[in-house]
Amino acid sequence: MDPNREVIDEFRANSGRVPAALGGMFKEAKLLLLTTTGARSGRRSTTPTAYAEDAGRLIVFATNAARPKAPAWLHNLRANPTVVVEVGETTYDAIATEITGSERDRLFADQVARDPAFGVYQQNTSRVIQVVALTPARVGAATAQLREIHAGLRQQLADTLTAVDAYLAGDGPLPESPKELQQHCLSFCNSLHAHHTREDGVFPRLAADFPELKPALDRLTREHKTVASLNEQLIATVERLTTRGDVETLRADLTRIAEALETHYTYEEAHLGPALDAA
């Protein structure tokens, strides 16, 4: 008999709440039900597990009560990353992504701070406890379009940097004035501003339709403001572009905005794309 059967039944009968007497190791934790497909058997299996929230994703931890081996559900989702999540009264398909490196360390440290029992689990096993992000599986045309837009903006920025570097290196003909560089830069700045303005108009509706995405949307809105400030600084540099020193300043401004945008694009594609497909 499934040792978690009673917990699962109570969860489903009580909108995600489990009586303390049944909760056991879960009694103080936020709980979801994770259904995976067997890597070999193909059979579906449901497991209650504690979770945390991070920027629109649900985060689960493969503690397996500090046993030497990871839980079976981790093996299953590595083979079949499409899973079913039940949280509260909501059920939806999700894509499971194992998190590694510094992001894994941050998420696990945050969970230990919330619940020190997770630190005890790590102390009592030789394996590094795995961390998995669950993202709603609504990836489709809108996500592809978002990536295409980002790819276009990346290329515009790369072309602008190439033109600036060629100007500074003296490779090829130098224009009598930096007008060509101004045109490159202003075209990119205008495209970026238009894209973020459109997104700012969509975010309130997304927040209303997908409350779980509010942390991600809040972060993206803050990043839009940071990028807008960098964009304004870039435009100011472009408009006074007359000397080689100005072009060197332009190169530094472009590098700063490129770094900020790469972080922004990567985060947005991972966390916002699925919601855009369902909007």
Side-chain angles (χ1 to χ4, degrees), residues 1-88 90-137 212 215 270-271:
M1 179 179 177
D2 183 352
N4 292 317
R5 186 72 260 166
E6 194 171 8
V7 173
I8 293 169
D9 290 343
E10 286 292 332
F11 181 103
R12 288 172 171 164
N14 295 284
S15 302
R17 294 184 298 274
V18 177
L22 292 178
M25 62 180 290
F26 304 119
K27 64 181 179 180
E28 301 297 333
K30 295 168 67 175
L31 190 65
L32 62 76
L33 299 184
L34 178 65
T35 298
T36 58
T37 301
R40 292 185 180 180
S41 69
R43 292 194 298 270
R44 304 214 320 170
S45 175
T46 300
T47 307
T49 186
Y51 75 93
E53 297 177 64
D54 180 76
R57 305 173 296 174
L58 300 185
I59 309 298
V60 294
F61 308 88
T63 59
N64 205 19
R67 294 183 179 91
K69 291 185 178 181
W73 59 257
L74 182 69
H75 178 61
N76 290 344
L77 64 80
R78 282 171 171 168
N80 300 292
T82 300
V83 301
V84 177
V85 173
E86 297 173 61
V87 58
T90 303
T91 300
Y92 59 88
D93 291 339
I95 302 298
T97 304
E98 189 170 346
I99 306 300
T100 59
S102 59
E103 187 179 10
R104 177 266 168 209
D105 295 343
R106 174 185 68 82
L107 292 168
F108 194 79
D110 288 348
Q111 182 66 4
V112 170
R114 285 186 290 266
D115 186 347
F118 284 77
V120 176
Y121 290 141
Q122 186 60 84
Q123 291 170 7
N124 290 336
T125 184
S126 59
R127 66 182 172 87
V128 175
I129 291 174
Q130 297 88 347
V131 175
V132 173
L134 305 173
T135 305
E212 71 273 19
H271 300 289

Item to complete: Find out whether I95 and T82 are in side-chain contact, i.e. whether some heavy atom of one side chain is under 4.5 Å from a heavy atom of the other.
Response: yes

Worksheet, complete the sentence: With sequence neighbours left out, the residues meeting salt bridge (charged side-chain N to carboxylate O under 4.0 Å, His left out) with D9 are R5

Worksheet item: Given the rule in the side-chain contact (heavy atoms from CB on, under 4.5 Å) test, do V132 and I59 qualify, once you have shown the distances and angles that lead to the verdict?
Response: CA-CA 6 Å; V132 173; I59 309 298; over 6 Å; no

Worksheet item: Per the side-chain contact (heavy atoms from CB on, under 4.5 Å) rule, which among V84, L58, V87 passes with L134?
Response: L58

Worksheet item: Looking at CZ of R40 and NE2 of H75, how far apart are the two atoms once the value is rounded to the nearest 0.5 Å?
Response: 6.0 Å

Discussion item. Under the criterion side-chain contact (heavy atoms from CB on, under 4.5 Å), I'd like the reasoning laid out for T35 against V83: C-alpha separation, chi angles, the key distance, then a yes or no.
Written reply: CA-CA 6 Å; T35 298; V83 301; over 6 Å; no

Fill in: Minimum-distance pair of heavy atoms, taken over all atoms of L74 and A62
CD2-CB, 4.2 Å

Item to complete: Report yes if the side chains of P71 and T47 come closer than 4.5 Å at any heavy-atom pair, otherwise no.
Response: no

Response to the item:
Shortest non-hydrogen pair, G42 vs T37, comes out as O-CG2, 3.5 Å

Worksheet item: What pair of heavy atoms forms the shortest contact from K69 to N64, and how long is it?
Response: O-ND2, 2.9 Å

Discussion item. Between R104 and I129 (side chain of the first, backbone of the second, donor and acceptor by atom type, cut-off under 3.5 Å), is there such a pair?
Written reply: yes

Worksheet item: Just wondering, more than 12 heavy atoms not from R12 lying within 6.0 Å of its CZ?
Response: yes

Fill in: Residues N76 and T36: side-chain donor-acceptor under 3.5 angstrom
yes

Worksheet entry | Donor-acceptor contact below 3.5 Å, side chain N14 vs main chain E10 | yes

Worksheet item: What is the minimum heavy-atom distance between F11 and E86, and which atoms define it?
Response: CZ-O, 3.4 Å

Fill in: Sub-4.5 Å side-chain heavy-atom contact between F108 and D110
no

Fill in: For the student: nearest non-hydrogen atoms of L31 and A50, plus distance
CD1-N, 4.1 Å

Discussion item. Side chains of W73 and T46, heavy atoms from C-beta outward: is any pair under 4.5 Å?
Written reply: no

Response to the item:
Applying side chain to side chain contact (heavy atoms under 4.5 Å, CB included) to A72 and not counting sequence neighbours gives none

Worksheet item: What closest approach, in Å, do A94 and V85 show between heavy atoms, and which atom pair accounts for it?
Response: CB-CG2, 3.8 Å

Fill in: Under 3.5 Å: donor-acceptor pair, side chain of D115, backbone of A117
yes

Worksheet item: Where the side chain of R127 meets the backbone of R67, is there a donor-acceptor pair that is under 3.5 Å apart?
Response: yes

